[in-house]
Structures are given as C-alpha cells and as structure tokens.
Amino acid sequence: MSANAQKPLPFQYQFAAGAVAGVSEPPISIPTPTHLRTPTLKSNPNLTTNANSASRLYRGISAPILMEAPKRATKFAANDSWGSFYRGLFGVDKQTQSLAVLTGATAGATESFVVVPFELVKIRLQDRASKYNGMLDVVKKIVQTEGPLALYNGLESTLWRHILWNAGYFGCIFQVRAQLPKVEPGNKTQQTRNDLIAGTIGGTAGTILNTPMDVVKSRIQNSPKVAGQTPKYNWAWPAVGTVMKEEGFGALYKGFIPKVLRLGPGGGILLVVFTGVMDFFRTMRGENV
C-alpha cells in the first residue's frame with residue numbers, strides 16, 4: 001500500500017513521527033539566511049571574515065534547534081488532522097490536489113503559532129547590533145520592555161511564510177507521488193525513492209513560494225516595538241512592497257540559495273523519516289505496512 005493511501009494513525013503517532021523527522025534535518029545552515037536578510041548586516045560586507053563574526057553566525061542556533069521537534073511534529077500531525085477534517089467537510093473519501101494544498105496551508109498556519117517565539121529569539125540574537133546574552137535574556141528583556149505579547153511580533157508574516165511553504169510542500173508531494181511509478185506493496189526501497197523525490201521537489205517549491213515572506217518576517221521581528229512609533233517593517237505585504245521599492249525584487253530572495261539547498265533536500269529527508277517512523281508505528285500496532 002502506498003504511503004499516501006494508508007489509513008491515518010491517531011494524532012499522537014503522527015505528532016511523534018513528525019518530532020523524529022524534525023530532528024533529522026541538519027542544523028548546520030540554519031544561521032545563514034537570517035544574516036543575509038537583515039539590513040543591519042548589509043552595512044558591513046566584511047562581517048563574515050573574522051572570528052567574532054563567525055561565532056555570531058551561530059548565535060541563536062539553540063532556538064531553532066529546540067524548535068525543530070515541536071515545529072515538524074505540528075506540521076505533519078496538523079496536516080493529517082486537517083486533511084481528515086476537510087475530507088469530512090467536503091464529503092470526499094480520498095485526498096485531492098486542491099485539498100492537499102488547502103490542508104498544507106492550514107497546517108502551516110497552525111505550525112506558525114509554535115514557531116514565532118523561537119524565530120523571534122533567533123533573529124534578535126543573530127542581529128549584528130544585538131546586546132542580548134542568550135535565549136532567556138532575549139525573552140526577559142522583550143517581556144520587560146515590549147510586553148509579553150511582543151513574543152508574537154511577526155505572527156502575521158510568519159503565518160504567510162508557513163502557509164505558503166506548507167501549501168507548496170504538501171501540494172507538490174501529492175502531485176509528484178501521483179506521477180511517480182507506483183510503489184509495490186512492501187517495497188521499502190521504492191517508497192523511500194518516491195518520498196525522497198516528492199519531498200525534495202515539495203521543499204524546493206515551498207521555498208520558492210515563501211522566501212519573500214521569510215525576508216520580511218526577519219525584518220519585522222528585528223524591529224522592536226517602541227511606544228508611539230510605527231516600525232518601518234510592520235505588516236507582511238506592505239513590507240514586501242517596501243523592500244521591492246527600496247532594494248529591488250532581488251532583495252526579496254536574499255539568502256535563497258542556502259535556504260533552498262537546506263529545505264529542498266531537507267524536505268525529502270523529512271518525508272522519508274516521517275513515513276519510516278509511521279510505518280514502524282503501524283508494525284508495532286500490528287497493522288499491515
């Protein structure tokens with residue numbers, strides 16, 4: 001039975017499989033895109049040529065590492081749960097292309113609420129002008145100076161970022177799986193091949209779609225809230241217009257190459273690991289795989 005035709009397991013199994021898949025993605029390239037996107041770093045072209053700058057590239061890396069398990073767990077569990085909800089809502093038995101995009105987008109929106117505080121901490125730490133001394137110091141100072149709700153600064157742009165990525169990712173996975181040779185029952189090699197191809201294409205498509213939102217999200221979250229002042233980068237779509245007007249369309253794709261090199265193959269690895277862990281759970285439960 002193909003992976004996308006199997007009966008979904010209960011939520012807790014999907015969540016656990018997503019968590020395992022999340023920690024399978026190498027964190028080595030996590031810092032790079034943020035530094036290419038934040039304007040404060042643009043003013044110093046020699047930033048990455050000295051030891052202090054090299055160490056700063058990895059400031060804030062603990063936040064995204066801690067985020068990966070709950071983030072990916074929420075992604076996959078929410079996608080399957082929303083898929084079941086929409087199939088019931090629209091009265092269809094099987095997933096369709098349009099439903100794959102819709103469930104992916106909704107799962108992305110759900111995932112955003114888990115992601116925002118971690119992303120905010122990472123971006124504040126990685127800013128060249130940062131005066132924070134670690135994750136807890138970021139949280140403490142943001143709450144003290146900007147209020148607890150400021151931990152969700154950039155939620156709107158993060159919603160768009162994850163809606164677009166997950167819609168592209170899961171939408172492509174559904175379509176690519178349908179185009180690839182059918183997996184023979186029990187053939188793990190064929191299943192892994194198809195999942196790796198579908199996930200990689202999906203990760204690449206999602207990255208192409210969401211990189212502009214990732215760029216403006218980084219700028220929005222790097223703009224502290226000051227009473228009586230409206231930040232230059234405040235809402236996602238107006239921020240996209242501001243970046244294009246001031247820096248050109250290419251600025252919306254700053255950091256795209258390192259990001260797609262991570263999230264393209266990373267999307268394939270995520271899907272392979274998630275499917276493998278789900279198959280393990282099915283075997284453990286005595287279900288046919």
Side-chain angles (χ1 to χ4, degrees), residues 1-25 65-118 159 162-163 165-178 182-196 198-199 202-203 206 266-289:
M1 183 180 294
S2 64
N4 56 331
Q6 290 174 321
K7 181 180 178 181
L9 289 176
F11 177 87
Q12 63 268 26
Y13 292 101
Q14 299 167 20
F15 192 88
V20 175
V23 298
S24 70
E25 185 181 352
I65 287 176
L66 290 174
M67 174 180 67
E68 282 307 306
K71 172 184 175 182
R72 305 303 188 185
T74 303
K75 175 195 299 294
F76 284 101
N79 184 70
D80 281 347
S81 297
W82 282 112
S84 298
F85 169 80
Y86 284 128
R87 287 192 296 274
L89 179 66
F90 295 112
V92 296
D93 295 329
K94 296 181 179 181
Q95 190 80 320
T96 64
Q97 179 64 57
S98 57
L99 284 181
V101 174
L102 177 60
T103 55
T106 313
T110 306
E111 179 186 29
S112 299
F113 288 91
V114 176
V115 168
V116 175
F118 292 95
L159 279 167
H162 287 268
I163 286 171
W165 198 89
N166 283 276
Y169 182 65
F170 288 109
C172 280
I173 286 172
F174 181 88
Q175 186 59 239
V176 173
R177 274 176 165 171
K182 188 176 180 180
V183 176
E184 299 173 358
N187 193 319
K188 299 297 184 183
T189 300
Q190 292 178 352
Q191 178 179 298
T192 299
R193 176 203 63 199
N194 284 11
D195 284 349
L196 187 61
I269 294 170
L270 282 171
L271 186 59
V272 168
V273 175
F274 177 79
T275 302
V277 176
M278 291 291 279
D279 286 346
F280 169 78
F281 286 146
R282 287 190 175 92
T283 301
M284 184 180 69
R285 287 163 53 91
E287 299 182 10
N288 293 329
V289 178

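No experiment lies behind these values; they were computed from the predicted model shown.
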Original post:
Listed by chain and number, what are the side chain to side chain contact (heavy atoms under 4.5 Å, CB included) partners of A16, not counting sequence neighbours?
Top reply: F281
Subject >> Spacing of N166 atom CG and T106 atom OG1 [to the nearest 0.5 Å] >> reply: 9.5 Å
Original post:
Nearest 0.5 Å, what's the OG1-CG distance between T275 and L196?
Top reply: 11.0 Å
Original post:
For F85, what residues pass the ring pair (Phe, Tyr, Trp, His ring centres under 6.0 Å) criterion, not counting sequence neighbours?
Top reply: W82
Original post:
Can you name the closest pair of heavy atoms from T103 and Y86 and give their distance?
Top reply: CG2-CD1, 3.4 Å
**OP:** Nearest 0.5 Å please: distance from the CZ atom of F11 over to the OG atom of S84.
**Re:** 11.5 Å
Subject >> From Y169 atom OH to N79 atom CG, the distance as rounded to the nearest 0.5 Å >> reply: 9.5 Å
Original post:
Which pair of heavy atoms, one from Q97 and one from G171, lies closest together, and at what distance?
Top reply: NE2-O, 3.0 Å
**OP:** Please identify each residue that fulfils side chain to side chain contact (heavy atoms under 4.5 Å, CB included) with T96, with sequence neighbours left out.
**Re:** S98, L99
Original post:
Hey, what do you get for CZ (F274) to CG (D80), rounding to the nearest 0.5 Å?
Top reply: 5.0 Å
**OP:** Answer with yes or no whether the side chains of D279 and Q191 bring together a donor and an acceptor at under 3.5 Å.
**Re:** yes
**OP:** Over all heavy atoms of both residues, which pair between H162 and G108 is shortest? Give the atoms and the distance, please.
**Re:** CB-O, 3.2 Å
Original post:
Between CE of M278 and CD of Q14, what distance do you get to the nearest 0.5 Å?
Top reply: 5.0 Å
Subject >> Sequence-distant partners of N194, side-chain hydrogen bond (donor to acceptor under 3.5 Å, both in side chains), two or more places apart >> reply: none
Original post:
CZ of F90: more than 12 outside heavy atoms within 6.0 angstrom?
Top reply: yes
**OP:** Determine the minimum heavy-atom distance between V114 and T74, stating which atoms define it.
**Re:** CG2-OG1, 3.7 Å
Original post:
Does the side chain of L271 come within less than 4.5 Å of R177's, by heavy atoms?
Top reply: yes
Original post:
Given side chains that start at C-beta, do those of R87 and D93 come closer than 4.5 Å, heavy atoms only?
Top reply: no
**OP:** Over all heavy atoms of both residues, which pair between Q95 and A100 is shortest? Give the atoms and the distance, please.
**Re:** NE2-CA, 3.6 Å
**OP:** Please identify each residue that fulfils side chain to side chain contact (heavy atoms under 4.5 Å, CB included) with R193, with sequence neighbours left out.
**Re:** P181, Q190, I197
Subject >> Residues F76, Y13; criterion ring pair (Phe, Tyr, Trp, His ring centres under 6.0 Å); working and verdict >> reply: CA-CA 10 Å; F76 284 101; Y13 292 101; over 10 Å; no
Subject >> Over all atoms of both residues, closest heavy-atom pair of S112 and L159 >> reply: OG-CA, 3.4 Å
Subject >> Non-neighbouring partners of V273 that pass side chain to side chain contact (heavy atoms under 4.5 Å, CB included), sequence neighbours left out >> reply: V20, A21, S24, I269, V277
